[in-house]
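Structure first, commentary second.
As the structure is a prediction and not an experimental result, all values here were calculated from the model. When a residue number appears, it is its place in the shown sequence, counting from 1.
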Amino acid sequence: MADISDELIMMERSAEEERAKLAGLDGEEHAAQWRRWYDASVVFQAAVTAYARETGQPRHEVEQTVKKAVRHADEDPAG
């Protein structure tokens, strides 16, 4: 499993929060929110690429590890 930074986790969480805001929107509101999600995703993807290059880790492993960390952090262990 790849080593990851807290900064990458925050970026992915931000992108996921923007994606979640798309629910129920349409028209111009949807288009504007989609752009915010897209922009956050582009920032995250660029950061993953740079981090993988800097650390010598496979890019896909870095991305997968970050996404899993964000997904599991959102789960409530108490149920």
Side-chain angles (χ1 to χ4, degrees):
M1 184 170 273
D3 289 328
I4 56 173
S5 74
D6 290 340
E7 184 177 7
L8 288 175
I9 290 172
M10 289 186 306
M11 287 178 185
E12 172 61 5
R13 188 169 290 132
S14 175
E16 281 300 300
E17 288 170 357
E18 295 301 332
R19 183 194 57 77
K21 293 176 186 175
L22 286 166
L25 299 179
D26 59 5
E28 290 300 316
E29 288 179 327
H30 185 274
Q33 184 58 41
W34 184 90
R35 187 65 184 171
R36 286 188 287 274
W37 166 67
Y38 176 82
D39 290 345
S41 295
V42 167
V43 168
F44 169 68
Q45 293 295 329
V48 167
T49 299
Y51 186 84
R53 188 175 295 133
E54 290 169 11
T55 62
Q57 298 177 73
R59 191 206 174 285
H60 71 280
E61 287 183 15
V62 172
E63 182 176 3
Q64 181 181 30
T65 301
V66 173
K67 288 181 180 275
K68 283 182 182 179
V70 169
R71 191 174 315 124
H72 292 301
D74 290 342
E75 294 176 0
D76 182 3

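Closest heavy-atom contact between Ala40 and Ala15: CB-CA, 3.7 Å.
Atoms OG and CE, on Ser41 and Met11 in that order, are 12.0 Å from each other to the nearest 0.5 Å. Rounded to the nearest 0.5 Å, atoms CD (Glu54) and OG1 (Thr49) are 11.0 Å apart. Rounded to the nearest 0.5 Å, atoms NZ (Lys67) and CD1 (Ile9) are 12.5 Å apart. Rounding to the nearest 0.5 Å gives a distance of 12.0 Å between CD of Glu12 and OG1 of Thr65.
Residues passing the side-chain contact (heavy atoms from CB on, under 4.5 Å) test with Gln45, sequence neighbours excluded: Arg59, Glu63. Every residue two or more places apart in sequence or in another chain that forms a side-chain contact (heavy atoms from CB on, under 4.5 Å) with His30 is listed here: Leu22, Leu25, Trp34.
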| message | Applying side-chain hydrogen bond (donor to acceptor under 3.5 Å, both in side chains) to Glu7 and Ser5, what does each step give before you reach the verdict? | response | CA-CA 5 Å; Glu7 184 177 7; Ser5 74; 5.0 Å; no
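Here Glu18 pairs with Lys21 in a salt bridge; the nearest charged N to carboxylate O distance falls below 4.0 Å.
Taking the side chain as every heavy atom from C-beta outward, Phe44 and Val66 approach each other to under 4.5 Å.
When hydrophobic clusters are built by joining Ile, Leu, Val, Met, Phe, Trp and Tyr residues whose side-chain heavy atoms come closer than 4.5 Å, directly or via intermediates, Val43 is grouped together with Val62.
Applying the salt bridge (Lys or Arg N to Asp or Glu O under 4.0 Å) rule to pairs touching residues 22-37 yields Arg35-Asp39, sequence neighbours excluded.
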